[in-house]
Amino acid sequence: MIRKNNRLVLSGLITKTPIKKMSPSGISHCQFYLEHVSEQIEAGLSRQAWCIMPVIVSGQHELSYSIKKGSKVLVSGFISTHTKRDKTSQIVLHADQIKLLGE
């Protein structure tokens with residue numbers, strides 16, 4: 001079986017207080033929104049890049065307990081589509097690595 005690539009690395013600021021939950025099967029989940037702002041080069045020109053990405057950290061990841069609104073973090077993981085209650089789709093970053101960045 002050929003493994004398909006699906007990896008995203010994104011840094012930014014946590015914009016809302018993270019929501020911490022426990023699933024019925026006992027797995028901890030931490031959900032938050034990450035705002036990314038940067039300057040990127042495209043076609044030889046500089047442009048502003050901006051996004052707000054929903055992030056989920058599942059399992060016993062020690063840093064998920066210390067992050068808070070206003071934290072600067074670097075996260076990496078895979079992306080997947082979630083269907084919201086209103087039946088619209090949203091891309092979510094499922095982070096398996098998270099690092100607190102300096103202020």
Have Ser46 and Glu39 got a donor and an acceptor in their side chains that come within less than 3.5 Å? yes
Counterpart residues, side chain to side chain contact (heavy atoms under 4.5 Å, CB included), relative to [X] (two or more places apart):
{"X": "Lys69", "value": "Thr17"}
{"X": "Ala49", "value": "Ser38, Gln40"}
{"X": "Asn5", "value": "none"}

Does Ile14 share a hydrophobic cluster with Leu100, counting links as ILVMFWY side-chain heavy atoms below 4.5 Å and allowing steps through other members?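 In one cluster with Ile14: Leu100, yes.
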Hits for salt bridge (Lys or Arg N to Asp or Glu O under 4.0 Å) against Arg85, two or more places apart or cross-chain, chain-then-number order -> none
Atom pair [atom1]/[atom2] of [X] and [Y] - distance to nearest 0.5 Å:
{"X": "Ile19", "Y": "Cys30", "atom1": "CD1", "atom2": "SG", "result": "9.0 Å"}
{"X": "Ile41", "Y": "Arg47", "atom1": "CD1", "atom2": "CZ", "result": "11.0 Å"}
{"X": "Ser58", "Y": "Gln31", "atom1": "OG", "atom2": "CD", "result": "8.0 Å"}

[Y] side chain reached by [X] side chain, heavy atoms, under 4.5 Å:
{"X": "Asn6", "Y": "Lys4", "answer": "no"}
{"X": "Ile67", "Y": "Ile98", "answer": "yes"}
{"X": "Val92", "Y": "Val55", "answer": "no"}
{"X": "Phe32", "Y": "Val57", "answer": "yes"}
{"X": "Ser80", "Y": "Ile91", "answer": "no"}
{"X": "Lys20", "Y": "Ser28", "answer": "no"}
{"X": "Met53", "Y": "Leu10", "answer": "yes"}
{"X": "Ser76", "Y": "Arg7", "answer": "yes"}

task: Quick one: closest heavy-atom pair of Ser11 and Leu34, and the distance?
output: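 Between these two residues, the closest heavy atoms are C-CD2, 4.2 Å.
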Non-hydrogen atoms of Leu93 and Gly77 that approach each other most closely: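 Taking every non-hydrogen atom into account, CD1-C, 3.7 Å.
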>> Evaluate His82 against His94 for ring pair (Phe, Tyr, Trp, His ring centres under 6.0 Å), listing each step before the verdict.
In response: CA-CA 11 Å; His82 286 209; His94 290 259; 4.9 Å; yes
With sequence neighbours left out, what residues match Ser25 under side-chain hydrogen bond (donor to acceptor under 3.5 Å, both in side chains)?
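Residues passing side-chain hydrogen bond (donor to acceptor under 3.5 Å, both in side chains) with Ser25: Ser23.
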* Asked: Would you find a donor on one side and an acceptor on the other, under 3.5 Å apart, between the side chain of Ser89 and the backbone of Thr83?
  -> no
Note: with side-chain heavy atoms under 4.5 Å as the link, the other cluster members for Tyr33 come out as Val37, Trp50, Ile52
(request) Begin from the C-alpha positions of Val73 and Leu101 and carry the test side chain to side chain contact (heavy atoms under 4.5 Å, CB included) through to its verdict. (result) CA-CA 5 Å; Val73 295; Leu101 300 176; 5.5 Å; no
